Amino acid sequence: MPTTIDIPPTQTRLLPYVLQLADTSLMLAHRLSEWCGHGPALEQDIALTNIALDLLGEARHYFQYAAALEGKGRTEDDLAYLRTATEYRNPLLVEQPNGDFAVTVVRQFLFDTFHYHFLQQLQHCADPTLAAIAEKSGKEAAYHLRWSSEWVIRLGDGTDESHRRIARALDLLWPYADELTTPTALERQLHHEGRIPDVQALRPALRAHHERVLTEATLPLPQEVWPQQGGKEGRHSEHLGYILAELQYLQRTYPGLTW
Amino acid sequence: MPTTIDIPPTQTRLLPYVLQLADTSLMLAHRLSEWCGHGPALEQDIALTNIALDLLGEARHYFQYAAALEGKGRTEDDLAYLRTATEYRNPLLVEQPNGDFAVTVVRQFLFDTFHYHFLQQLQHCADPTLAAIAEKSGKEAAYHLRWSSEWVIRLGDGTDESHRRIARALDLLWPYADELTTPTALERQLHHEGRIPDVQALRPALRAHHERVLTEATLPLPQEVWPQQGGKEGRHSEHLGYILAELQYLQRTYPGLTW
Amino acid sequence: MSSTPSEHQFQARIDADQRIEPKDWMPEDYRKTLIRQMSQHAHSEIVGMLPEGNWITRAPTLKRKSILLAKVQDEAGHGLYLYSAAETLGASRDDLLADLHAGKAKYSSIFNYPTLSWADIGAIGWLVDGAAILNQVPLCRTSYGPYARAMVRVCKEESFHQRQGFEIMQTLCNGSAEQKAMAQDALNRWWWPTLMMFGPRDDESAHTARSMQWRIKRFTNDELRQKFVDMMVPQAEFLGLTIPDEALRWNEATRHYDFGEVDWDEFWNVVQGRGPCNRERLDARVQAHEAGAWVREAALAHAAKRKARQTPTEQMV
Amino acid sequence: MSSTPSEHQFQARIDADQRIEPKDWMPEDYRKTLIRQMSQHAHSEIVGMLPEGNWITRAPTLKRKSILLAKVQDEAGHGLYLYSAAETLGASRDDLLADLHAGKAKYSSIFNYPTLSWADIGAIGWLVDGAAILNQVPLCRTSYGPYARAMVRVCKEESFHQRQGFEIMQTLCNGSAEQKAMAQDALNRWWWPTLMMFGPRDDESAHTARSMQWRIKRFTNDELRQKFVDMMVPQAEFLGLTIPDEALRWNEATRHYDFGEVDWDEFWNVVQGRGPCNRERLDARVQAHEAGAWVREAALAHAAKRKARQTPTEQMV
């Protein structure tokens with residue numbers, strides 16, 4: 001694989017990074033929204049939709065900022081709806097299918113643990129727009145993290161079946177966790193310029209939280225695995241193409257209209 | 001519901017009818033192709049794909065003829081890929097999801113019983129192109145009908161589980177059978193002009209075949225039900241939109257290119 | 001039929017527009033009727049999430065996606081309020097759901113129609129929520145307290161939904177020719193089913209008389225249907241859309257719109273389970289319920305474990 | 001190691017390029033090796049249906065849809081031939097599949113990579129089938145008769161597939177800038193995994209020596225890999241695409257292309273189950289097999305019922 005050449009500091013654009021943040025929250029919101037009307041009970045339907053709405057709101061802030069940074073008069077929707085698969089920069093984790101409720105809970109748990117700690121750091125970044133988004137969304141992420149952590153515990157220390165399912169979900173999704181805290185060349189460069197947090201430095205805090213929750217959930221901490229990566233660099237799984245086919249359908253079929 | 005006003009004979013265009021035939025075979029071929037790599041055994045994977053290929057070939061002939069009839073220089077792909085849901089004229093049956101293998105077999109059986117008998121008649125129609133397509137596809141339809149009829153019998157008179165599944169499939173899909181032999185205003189008009197067969201007149205032959213096969217399959221002939229209709233008039237089920245999102249994605253995303 | 005002193009006193013309270021609360025005495029039929037109506041209403045909210053939920057992943061802008069997601073979530077919330085209100089009468093949500101899933105309970109049959117385009121989302125907000133509001137606003141003054149209070153909360157959110165639906169229609173009607181055609185096609189498909197939401201004609205409606213006596217129902221089916229048509233015609237004109245009813249015309253004498261006859265065959269077929277999506281709607285709910293059984297069991301098991309781990313003092317809290 | 005008279009005679013036949021047929025005596029290791037290789041080959045065909053099958057519903061034209069469907073169907077057919085050929089050696093398809101589904105059997109790890117664009121379909125036909133052909137053409141002269149004959153049929157169809165893949169790439173490269181970029185991106189992702197198809201380096205390859213002695217294998221891994229690179233470079237140049245290998249250059253002395261080192265970490269990780277799609281591929285096969293169990297049981301039950309209904313005379317036929 002050819003490596004990305006380091007971009008001199010004066011030229012590192014924040015735009016692709018903001019798109020990465022936007023895509024991440026958008027894709028997860030989109031996945032969660034697929035549960036609407038199909039949850040295990042009304043209370044979980046509502047909870048999942050709440051998280052989806054929060055993430056969608058966060059994504060919209062990033063997209064609006066990205067459109068401003070781009071400075072070409074494009075809108076949040078142009079960016080969200082009109083790129084092709086290799087141009088999306090969400091990590092692989094958030095495009096994974098919902099699976100059963102345990103898979104959704106684990107995906108959320110792994111994401112929230114990262115997202116909460118990340119936003120805590122991003123609140124202090126030099127860019128005032130990102131800092132403001134991070135502050136608002138950080139409060140929401142705290143609730144999400146509590147919700148998903150509680151459900152990991154509830155399912156891990158529930159019945160034999162729920163334990164089996166969530167253990168399987170953990171096994172399934174653990175390979176996707178690392179990518180969240182593995183900086184891309186762009187992230188390394190932006191951090192080097194002092195503009196964004198060091199995601200790798202979040203690992204001890206994440207690990208501590210994982211261990212605490214998994215222990216209480218009577219689940220083993222998954223072993224080290226070969227991490228699956230590439231989403232943040234546009235190399236996705238086969239799932240993204242299908243997400244985009246639905247997401248983009250109306251914009252592609254009726255280009256340039258107002259809805 | 002407003003009724004369609006009868007169109008004077010000199011103005012009834014064959015084009016929408018040929019599109020109806022094309023859409024019907026295309027949608028069923030598309031559904032069958034979803035089984036590829038997921039069949040109960042290699043032999044069935046191959047059989048389902050054979051049927052899909054035959055129907056796709058038949059659809060292409062109709063689309064090519066439709067493009068010629070339209071006379072605007074459009075291609076089979078323009079017609080197949082670039083219309084919106086209300087413009088497709090396949091009956092509801094063929095867009096129903098594959099379900100389990102029993103649902104697929106019943107959908108095929110109901111379709112093949114109609115399709116075979118219909119093509120036998122269409123071979124004698126005045127339009128030489130349609131007659132030629134019907135002759136070629138009629139031979140294939142004979143094989144399809146044998147395959148699906150044998151499988152109805154095999155599953156109906158197999159195990160308790162297969163019997164239960166195919167009885168359920170019959171119950172699920174029977175409401176969609178009638179539409180095949182219920183002429184639309186366009187079909188009535190074209191038949192009145194002597195240009196296409198009377199699909200309603202096929203009912204006794206279809207019923208006889210259904211009865212023979214279902215009896216041998218130890219399955220009860222389903223009771224009369226309120227028929228579900230509208231596909232041939234562009235009023236589809238919720239399934240078609242999702243089929244089109246996948247089918248049309250590349251053509252919509254990259255308009256006007258060669259593949 | 002002579003009434004007992006309790007029934008007499010009960011009816012007097014109703015007539016005085018007083019609220020009946022959970023702990024009050026009430027005729028068994030009143031309780032049963034309310035449970036049936038509230039649970040049907042709850043079921044309708046839940047099943048109603050499905051046709052609209054069908055377009056969340058394909059919502060054409062982030063703003064519309066957000067609004068639709070919030071709307072469907074509100075409907076889940078309405079379901080919760082209404083099941084809770086039904087439970088104040090001694091019903092259990094589990095039993096009510098079991099009846100729904102077994103096909104024994106009704107829900108508003110409007111939701112047995114398919115959503116075939118984005119314009120359907122506009123049409124549902126504009127027409128279906130519009131009709132629901134007409135049904136529900138009077139219920140804000142219904143005799144049973146928990147039901148009335150639930151209805152106040154529901155109506156507040158539903159009028160917001162209706163405006164959003166109308167706004168979608170407006171955007172489409174001001175858009176391209178294709179968007180306008182999409183809006184007209186949606187109106188063509190949703191108009192008559194919405195009129196069916198008001199139920200059978202008064203002279204064919206079994207429950208109406210007594211429901212009105214008990215102020216569970218405050219207007220008749222035909223009264224509401226007429227009110228709805230009168231309200232919608234100017235709105236359709238404003239949008240530049242044509243209501244698919246050739247018999248529709250202003251009646252100067254009655255000061256109402258005359259309109260055509262509902263297709264009662266279609267009405268009864270859909271109510272009795274033979275509509276375009278009845279099976280799909282029920283299957284989706286049953287599937288969600290069954291697929292979620294292990295989750296609900298786990299939650300209970302965990303809660304029990306937690307309680308068992310508490311000290312006796314903690315358990316007393 | 002001294003050989004028995006049978007082994008000696010067997011090797012003599014091999015050396016004389018004579019075919020070994022099912023009824024012939026053969027060393028147990030030869031039988032085992034062949035079963036392993038043929039079944040791996042069959043598994044590869046079946047699993048290989050999945051990455052390509054992933055684009056059937058999104059094929060951009062009716063013609064491409066048709067061609068792709070036929071290609072994937074051919075692969076199913078190849079699987080059938082190869083399982084049948086393995087069965088001539090006493091293996092049972094059910095046991096072979098059980099091993100595959102339990103994760104105990106290997107299949108070509110190229111299929112553990114995702115197909116992310118339509119151009120991947122072109123790249124797979126061009127590169128992956130191209131590599132497969134290089135592996136398979138020599139096998140048309142392999143010592144075991146049924147395997148050789150299966151390979152003849154497979155090769156005929158596979159060369160057709162490869163031309164179609166190349167044709168897709170050509171169309172894209174002659175298309176819009178986006179199409180060309182799509183093709184280059186696909187090449188970037190499929191090039192190195194295709195080189196990995198030829199297996200580990202010769203000095204790390206356990207089975208090679210003996211497989212070559214038995215003419216189950218006719219060229220070494222490195223020989224084939226080199227042949228493949230030499231073949232592909234001009235084809236990539238013809239397409240106007242850049243092979244993603246900075247070390248690639250013509251070596252005038254050896255008259256071959258020098259090329260970079262395969263990422264052996266990635267190779268071993270993918271072979272050992274940690275590639276991008278290993279789990280998805282296996283899950284899809286297991287799911288299809290389990291979901292189809294009742295169908296296979298029904299077919300057997302029906303066949304048994306049919307047989308039982310025959311008269312004794314009919315049964316003797």
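Chain letters run A, B, ... following the sequence lines, proteins first and then strands; every chain starts at 1. Computed from a prediction, not measured in an experiment: that's the story for all the values here.
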Top contributor to chain D contacts, counting heavy-atom pairs under 4.5 Å, from B:Glu43, B:Glu34, B:Arg31, B:Gln248: B:Glu43
Top contributor to chain D interface from B:Ile46, B:Leu26, B:Ile153 [non-hydrogen pairs under 4.5 Å]: B:Ile46
Heavy-atom contact with chain D under 4.5 Å, split by part of B:Asp45: side chain
Neighbour count >12 (heavy atoms, 6.0 Å) for atom CZ, B:Arg164: yes
Verdict with supporting geometry, D:Lys65 and B:Glu76, salt bridge (charged side-chain N to carboxylate O under 4.0 Å, His left out): CA-CA 13 Å; D:Lys65 193 182 187 81; B:Glu76 55 174 345; over 6 Å; no
Pick from B:Tyr249, B:Tyr81, B:Trp151, B:Phe63 with the largest number of heavy-atom pairs that fall under 4.5 Å of chain D: B:Tyr81
Atom pair CG/OG1 of B:Leu257 and D:Thr171 - distance to nearest 0.5 Å: 11.5 Å
Contacting moiety of B:Trp35, where chain D heavy atoms sit under 4.5 Å: neither
Interface moiety of B:Tyr254 toward chain D, non-hydrogen atoms closer than 4.5 Å: side chain
Backbone N/O of B:Pro40 and side chain of D:Arg296: donor-acceptor pair under 3.5 Å: yes
Side chain B:Glu246, main chain D:Arg58, donor-acceptor under 3.5 Å: no
Side-chain donor/acceptor of D:Gln179 to backbone N/O of B:Thr258, under 3.5 Å: yes
Any donor-acceptor pair under 3.5 Å from B:Arg154 side chain to D:Ala301 backbone: no
Heavy-atom side-chain proximity of B:His30 to D:Ile56 below 4.5 angstrom: no
Heavy atoms from other residues, nucleotides or ligands near CZ of B:Arg83 exceed 12 (cutoff 6.0 Å): yes
Engaged part of B:Ala102 at the chain D interface, taking heavy atoms whose separation is under 4.5 Å: both
Which atoms of D:Met169 approach chain B - backbone, side chain, both or neither, heavy atom under 4.5 Å: neither
Side-chain heavy-atom pair B:Gln251, D:Thr61 within 4.5 angstrom cut-off: yes
B:Cys36/D:Met49 under side chain to side chain contact (heavy atoms under 4.5 Å, CB included): CA gap, chis, key distance, verdict: CA-CA 8 Å; B:Cys36 210; D:Met49 293 170 71; 4.3 Å; yes
Pick from B:Asp77, B:Thr49, B:Asp157, B:Leu53 with the largest number of heavy-atom pairs that fall under 4.5 Å of chain D: B:Asp157
Neighbour count >12 (heavy atoms, 6.0 Å) for atom OH, B:Tyr242: yes
OH (B:Tyr116) with more than 12 external heavy atoms under 6.0 Å: no
Side chain / backbone / both / neither for B:Arg165 at chain D, heavy atoms under 4.5 Å: side chain
Chain D contact via B:Leu42 - which portion, at a heavy-atom distance below 4.5 Å: both
Most chain D-contacting option - heavy-atom pairs closer than 4.5 Å, from B:Arg60, B:Glu161, B:His38, B:Gln44: B:Arg60
Engaged part of B:Asp160 at the chain D interface, taking heavy atoms whose separation is under 4.5 Å: neither
Salt bridge (charged side-chain N to carboxylate O under 4.0 Å, His left out) between D:Lys305 and B:Glu216, worked out: CA-CA 12 Å; D:Lys305 285 185 187 183; B:Glu216 192 174 346; over 6 Å; no
